[in-house]
Number of protein chains: 4
Amino acid sequence: MAPHFTPEIQASIDAVRQDVAALHAELVRYGLVVWTGGNVSGRVPGADLFVIKPSGVSYDDLAAGNMILCDLDGTVIPGTPGSDRSPSSDTAAHAYVYRNMPDVGGVVHTHSTYAVAWAARGEEIPCVITAMADEFGGPIPIGPFAIIGDDSIGRGIVETLSGHRSRAVLMQNHGPFTIGTSAKDAVKAAVMVEDVARTVHFAREAGPLIPIPQEAIDRLYDRYQNVYGQSGDERR
Amino acid sequence: MAPHFTPEIQASIDAVRQDVAALHAELVRYGLVVWTGGNVSGRVPGADLFVIKPSGVSYDDLAAGNMILCDLDGTVIPGTPGSDRSPSSDTAAHAYVYRNMPDVGGVVHTHSTYAVAWAARGEEIPCVITAMADEFGGPIPIGPFAIIGDDSIGRGIVETLSGHRSRAVLMQNHGPFTIGTSAKDAVKAAVMVEDVARTVHFAREAGPLIPIPQEAIDRLYDRYQNVYGQSGDERR
Amino acid sequence: MAPHFTPEIQASIDAVRQDVAALHAELVRYGLVVWTGGNVSGRVPGADLFVIKPSGVSYDDLAAGNMILCDLDGTVIPGTPGSDRSPSSDTAAHAYVYRNMPDVGGVVHTHSTYAVAWAARGEEIPCVITAMADEFGGPIPIGPFAIIGDDSIGRGIVETLSGHRSRAVLMQNHGPFTIGTSAKDAVKAAVMVEDVARTVHFAREAGPLIPIPQEAIDRLYDRYQNVYGQSGDERR
Amino acid sequence: MAPHFTPEIQASIDAVRQDVAALHAELVRYGLVVWTGGNVSGRVPGADLFVIKPSGVSYDDLAAGNMILCDLDGTVIPGTPGSDRSPSSDTAAHAYVYRNMPDVGGVVHTHSTYAVAWAARGEEIPCVITAMADEFGGPIPIGPFAIIGDDSIGRGIVETLSGHRSRAVLMQNHGPFTIGTSAKDAVKAAVMVEDVARTVHFAREAGPLIPIPQEAIDRLYDRYQNVYGQSGDERR
């Protein structure tokens, strides 16, 4: 009993499958994941659906047809490609974000080294480099300690990021979750959060950091969000 | 005087040879080994045999036919492919584990950087990140100082890991040995132990760590061992 | 209304386009950039023009025809290949350098990890390794805090590097800018500045450093700038 | 006026050219060099000759025919392939080693990060891991501060390593030089010295190290030098 979608929705699903499958390679390229860890998902525009990686499957096997289609409760849509497999064990957290943050088009979770290191101390990353002001508009916040099994991870992400400039949250003792306007935008945030986590780690290790004035952070963030990149591209 | 195996056993041997040869590439992929260091072995299901890497041979030359078949005393089975070469210098330690831990299907040894760093201090890795609770169910223990030449390395591994949740032990001043239900499972443990050794190293370097409550560690470990991944896959 | 260049100038433009496009791969090879960050530019010999990377475009798409030709005010030359795109958001800084330092043939900017770490503390890198004396002739200086939007970044680079042996400046809270006799020479400086930033970081982390006597630094710098490499090659 | 060699010597020269050219790729593979830094040389068995890399040439261009043949004073043999180029700027140091250490068949120099970090502090690497006891038989010593221009680098290497178990010396403020029975053996030592420099750096950064008893170091070194690897292979 495979579902019947309109051709437009089916085309959207297929495109998001391709994107989500391909974007996992970026997690590997930037060294954010080991073994089968980490996951990317993308919302299907125009439908209450999202596409996510299967659980515990090698990064070498992540073709579009292996991605799993879920509704916004995180339930696998039966009869669709990949539906014979279990979705990522973080599916409930992704689903909670999509239900509660309607502007979010993509969610990424990794256990990238330096971001997890800050999370294990429960310490937000201070905004001391201009690239971080550009991309995140201030510090990267810490989310609550929450473990798998109910909505507490998803709720922690949403409560921390709602109204915050940062698209990344470091869940305490766990690791980064990032959101974006699309799966690609959320992957970019995952790449950038590890980059700033690493850079600020080494910066601070060797002596006191020079803060960036708030007014300069605001100007950098505003410019980057509105001017950077090619017109016609997605915002970020 | 090549031995005669039943077709079933021969098929098992061939499959383990393929696995063990291919899995060495994962040690390279994750940066766990340099030059000819490190070794993977796998037990042959249904026989008192295991397959291990030859000693001092380049990772570029590790084809299935170069792997070496041994009995559980670590003696090379004469007349089998690869038997003209010496097996890994750690073969006695692998054999000791297989003789004394009947559920172990694979053993891996590396000198991966951060795991060895903890071993050089004789310090167990505390369980402060959820991925570590998932995978190892608590701290990574330290094994005794023991050097090559008798059974002391194998005995140290077995005594440390028997009855312990962790599939990894850091032998003092030496490095990690990991065990698993299969060679692949032991390789995964080798990848994960380096990942947590590195992450917790950098986490602690910058300030105090937040402990994870034991009850949460227990729940994470239980769920991951029983639920994660695809049904039909090996347990981990 | 595409401009008309003499055949010699057009050949120069084409050669610089090829160089600048190809040199971005070196930034990736040496891990100096993530995502679309970082930029290389090269002056067109014999003309008041330079070639620079487009803004926010993936490193996988950096063909020669996508590079953007600008005049020394940083204005895109209309009607030339790539002119339908925006140039790097750091174009104004590159242009300022070309206008004010006539011997500079190439400029590079990255957010490479260790160089940015020194920049976040506003601390110059001391010259304690001979490779650094060879390449930079002394410490790597810090430039002022300056943000995008006017000439302040370009002015900070020029004021810091004019009359200084170093071809690299660490702009405070921002990151390294390097200059060279050509785009390739500036890329080499970007690679080397990250290399020394990393090495001196780890050196100092573990204890006091041994200074190199100024007289030895002078001899090393002089020899390397005048003798090293193949005759017929560019100076560095 | 190309020299005339016996067929046996010519075959040796050709083989060493192939080896030396190919071994530079190992320096890249293990991240020991950036840009054109680092150099490998190999003695021609049966002749007072060695083969070394040209100065300042990209690692992508290191074919056998580009390698340069020198006599034991470091003078290029005219009329041989590659003799139109300058040899590595470290040629005099390599030549000094070959003249004064007749058992040395290969020499390698790099600026690998962690080895240079110890060198910048003038601090020997203590022998606290068994892999280091295996390979080097004790600590990695520091050589004197010496700069290019006369025999002082070569003399420092020879004086430090003569009668020492270690095949690696960290020249103060400069970096590692390694020797071996062949070019490959010296490259292995260069790979291993960076590996132990990195591991012991991180080990010590986090707390006190446990020493290995001298008697255990002696046993490990003896076994590794005499038993490890395949019979028929070179000693190490």
Side-chain angles (χ1 to χ4, degrees), chain A residues 28 31-38 53-61 66 68 82 84-90 109-123 125 142 144-150 152-153 170-175 194 197-198 200-206, chain B residues 22 25-26 29-32 112 114 125-135 184-185 187-213 215-224 226-236:
Chain A
V28 173
L32 307 187
V33 292
V34 297
W35 211 251
T36 64
K53 165 176 169 282
S55 176
V57 169
S58 164
Y59 274 77
D60 297 337
D61 293 332
N66 295 341
I68 300 179
D84 52 327
R85 281 177 149 161
S86 305
S88 165
S89 57
D90 294 303
H109 174 49
T110 79
H111 293 162
S112 62
T113 301
Y114 294 90
V116 173
W118 290 87
R121 295 189 307 271
E123 185 177 16
I125 309 176
I142 294 288
F145 180 73
I147 69 175
I148 266 180
D150 56 22
S152 59
I153 293 179
L170 307 179
M171 294 298 284
Q172 184 192 305
N173 294 110
H174 185 170
E194 180 65 3
R198 178 175 49 233
V200 180
H201 173 88
F202 288 118
R204 197 179 60 170
E205 185 172 54
Chain B
E26 300 295 307
R29 185 203 291 226
Y30 289 108
L32 306 187
S112 63
Y114 294 90
I125 309 176
C127 184
V128 294
I129 54 184
T130 56
M132 196 175 164
D134 288 344
E135 190 71 41
K184 186 180 178 184
D185 188 37
V187 169
K188 183 188 179 190
V191 171
M192 297 306 295
V193 77
E194 179 65 2
D195 196 55
V196 301
R198 179 175 48 233
T199 303
V200 181
H201 173 88
F202 288 118
R204 197 180 62 170
E205 185 172 53
L209 304 175
I210 302 177
I212 303 182
E215 185 264 348
I217 291 175
D218 294 346
R219 281 173 56 201
L220 285 165
Y221 182 67
D222 180 66
R223 188 199 67 84
Y224 192 73
N226 294 298
V227 179
Y228 182 74
Q230 303 300 329
S231 61
D233 275 19
E234 53 188 83
R235 183 172 58 99
R236 288 185 182 100

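In this text, all values refer to a predicted model and were calculated from it rather than measured experimentally. Letters A, B, ... are given to chains in the order of the sequence lines, protein chains preceding strands, and every chain is numbered from 1.
Both the backbone and the side chain of A:H174 come within less than 4.5 Å of a heavy atom in chain B. Interface residue B:M192: only side-chain heavy atoms are found under 4.5 Å from chain A. Residue B:E26 touches chain A through its side chain alone, counting heavy-atom pairs closer than 4.5 Å.
Remark: B:R204 CZ is packed, more than 12 non-hydrogen atoms of other residues, nucleotides or ligands lying under 6.0 Å away.
Contact count against chain A (heavy-atom pairs under 4.5 Å) is highest for B:V128 among B:V187, B:V128, B:D134. The residue among A:H111, A:H201, A:Q172 with the most heavy atom pairs within less than 4.5 Å of chain B is A:H201. Counting heavy-atom pairs under 4.5 Å between each of A:W118, A:F145, A:Y114 and chain B puts A:Y114 at the top. The candidate with the highest count of non-hydrogen atom pairs below 4.5 Å against chain B, out of A:A117, A:G175, A:G122, is A:A117.
Residues passing the ring-ring contact (aromatic ring centres under 6.0 Å, His included) test with B:Y30, sequence neighbours excluded: none. With sequence neighbours left out, B:T130 forms a side-chain hydrogen bond (donor to acceptor under 3.5 Å, both in side chains) with no residue at all.
A distance-only check finds a donor-acceptor pair linking the side chain of A:N66 to the backbone of A:D61 [under 3.5 Å]. Judged by distance alone, with hydrogens and angles left aside, the side-chain atoms of B:N226 form a donor-acceptor pair with the main-chain N or O of B:D222 at under 3.5 Å. Side chain of B:K188 to main chain of B:E135: no donor-acceptor pair is present (N/O by atom type, distance under 3.5 Å, no hydrogens or angles).
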